[in-house]
2 protein chains.
Amino acid sequence: MLSKKTKYGLKALTFLAAQEGRQPVQISEIAKQENISRKFLESILLTLRKSGVLGSKKGKGGGYYLIKDPKDIPMTLVMRVLEGPIAMVPCVSLNFYEKCADCPDEASCSVHMLMLQVRDSALEVYKNNTLADLVP
Amino acid sequence: MLSKKTKYGLKALTFLAAQEGRQPVQISEIAKQENISRKFLESILLTLRKSGVLGSKKGKGGGYYLIKDPKDIPMTLVMRVLEGPIAMVPCVSLNFYEKCADCPDEASCSVHMLMLQVRDSALEVYKNNTLADLVP
DNA sequence: GCTTACTCTATTAAGTCGATAGGATAATAA
DNA sequence: TTATTATCCTATCGACTTAATAGAGTAAGC
C-alpha cells in the first residue's frame, strides 16, 4: 500500500509544479486545495525540503517552492524520499540493501528472483517519469 | 514492503513445487527446510488451501500438496491471495477497486496516473511468471 | 483406540501510521 | 524595535496491522 505520506507528498509536489513562477506557496493553501490535513502536510513538506526537493521561506509571503524545474525531478528520487525503498524486499534493494537473515543463498531464492523483476519494472516506470509528467 | 506472510508463502509453494510427485509434505518439514516459524506457516498454508492452490491430508502420512501443476499457477493469483491487491492504491486496483475519498477527479489525479503505470508493470511481471518459473 | 497431523480461534507483543498539539525560530513590515 | 506571519521541530496519541504463539478440536491411518 502507498502511504498517505507519499500520496499527499505527490499531490503537493504536483500542485507546486503547476504554479506559474516559483513564488512560495503557504502550507495552508496547498492543504486546502488538495484536501490534506494541514499539520500532517507540514511534516511531509519538511522532509521534502531536507532532501533538497523543496525550498522554503519563513515569515510573511513565505511558504514552499520547487528548487528545480519539474522536469529535472525524477520520480525515483521523490518515491525514495517519501516512500522509502522501491524494492519490496531489502535483499533486492539498490539503495537500501540488506541480507535476509533466514535465506542461505540469494541466487537460488525464489522470492529474490521474483522481487528482482518487480523492482526492475517499477524502477523503469519511475525513471521514465519526472514531476513534470504528473502535471495534468 | 512484502509481508513475511507472502515471503514465507512463496517459499513454501516453491518448496512444494520442487518435490517429486504430489506426495503430501508435513508443515514441520517445510518449516524446517525454509527456516519458517511452524505455527505461522500453518496459518499461511491454511489460507492457500482455502483459496484452492493447495490440498491437504490429515493424519499419518498427511500434509500439504499442490493441487495443480506449478506451471498452471500464475503469480497473479498467488500474490493476490497472500499479499492482497497488486495495486498500491485502491483507485487503480482491478480486483479491489475503491474510490479515493479525498480525490475529486481520478482522471486528473497525478497519483492515480503514476500508480496506474506501476500497477501495470507489476502485473506484467506476475502474468509472465508461474510457480514453475520460481523453482531453481 | 492410539498416534499423527491438519483445523481453527483467540491472544499478544511490537511496531507503524496518520494525525494533532504547542512552542521555538526566522523573516517581513510598520 | 515591535508586531505579525509562517515555517521549524519535538513530542505524543490512538488505531491498526503484523508476526508469532498457545491450545483445544477434528480427521485419517495403523
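So you know, we letter chains A, B, ... as the sequences are listed, proteins then strands, and number each from 1.
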_Separation of D:dA6 P from A:I30 CD1 (nearest whole Å)_ = 13 Å
*What nucleotide among D:dT7, D:dA19, C:dC8 has an atom nearest to a side-chain atom of B:S3?*
D:dA19
*To the nearest Å, how far apart are B:R38 CZ and C:dA5 P?*
9 Å
*Which of these nucleotides, C:dA19, D:dC9, D:dG23, is closest to any side-chain atom of A:Y8?*
C:dA19
*Toward the 5' end of DNA chain D, which comes first, B:K4 or A:S56, by nearest nucleotide?*
A:S56
*Is there side-chain contact between A:I36 and A:L41, with at least one heavy-atom pair below 4.5 Å?*
yes
*asked:* Please report the distance, rounded to the nearest Å, between NZ in B:K39 and P in C:dA5.
replied: 14 Å
_If you compare every side-chain N and O of A:S37 against the phosphate oxygens of C:dG18 (OP1, OP2), does one of them come in below 4.0 Å?_
no
*Nearest to the side chain of B:Y64 - C:dA26, C:dC6, D:dA20?*
C:dC6
*Is it the case that A:S121 and B:E124 place a side-chain donor and acceptor less than 3.5 Å from each other?*
no
*Would you kindly give the NZ-to-P distance between A:K60 and D:dT4, to the nearest whole Å?*
11 Å
*Begin with the C-alpha distance, continue with both residues' side-chain angles, and end with the deciding distance and a verdict on salt bridge (Lys or Arg N to Asp or Glu O under 4.0 Å) for B:D133 and B:K71.*
CA-CA 7 Å; B:D133 298 311; B:K71 71 172 190 297; over 6 Å; no
*Rounded to the nearest Å, what distance is computed from the CG atom of residue B:L41 to the C1' atom of nucleotide D:dT21?*
14 Å
*Would you mind telling me which of D:dA20, D:dG23, D:dC9 lies closest to the side-chain atoms of B:E42?*
D:dG23
*When the distance from CE of A:M1 to P of C:dT16 is rounded to whole Å, what number comes out?*
18 Å
*Give B:K50 one of three labels, base, sugar-phosphate or nothing, depending on what nucleic acid heavy atoms sit under 4.0 Å from its own.*
sugar-phosphate
*asked:* Which nucleotide wins on minimum distance to the side chain of A:F40, given the candidates D:dC9, C:dT20, C:dT7?
replied: C:dT20
_Heavy-atom pair with the smallest gap, counting every atom of B:Y64 and B:L16_ = O-CD2, 3.6 Å
*At under 4.0 Å between heavy atoms, what does A:I27 touch on the DNA or RNA strands: base, sugar-phosphate, or nothing?*
sugar-phosphate
*Starting at atom NZ of B:K5, determine the distance to atom P of C:dG15, rounded to an integer number of angstrom.*
21 Å
*Hey, which sits more toward the 5' end of DNA chain C by its nearest nucleotide, A:G59 or A:S43?*
A:S43
*Between A:K57 (NZ) and C:dA29 (P), how many Å, whole number?*
8 Å
*Between A:M75 and A:T130, is a side chain to side chain contact (heavy atoms under 4.5 Å, CB included) present by the stated rule, with each step listed?*
CA-CA 5 Å; A:M75 277 303 113; A:T130 69; 6.0 Å; no
*B:K58 side chain: which of D:dC9, C:dA27, C:dC6 is closest?*
C:dC6
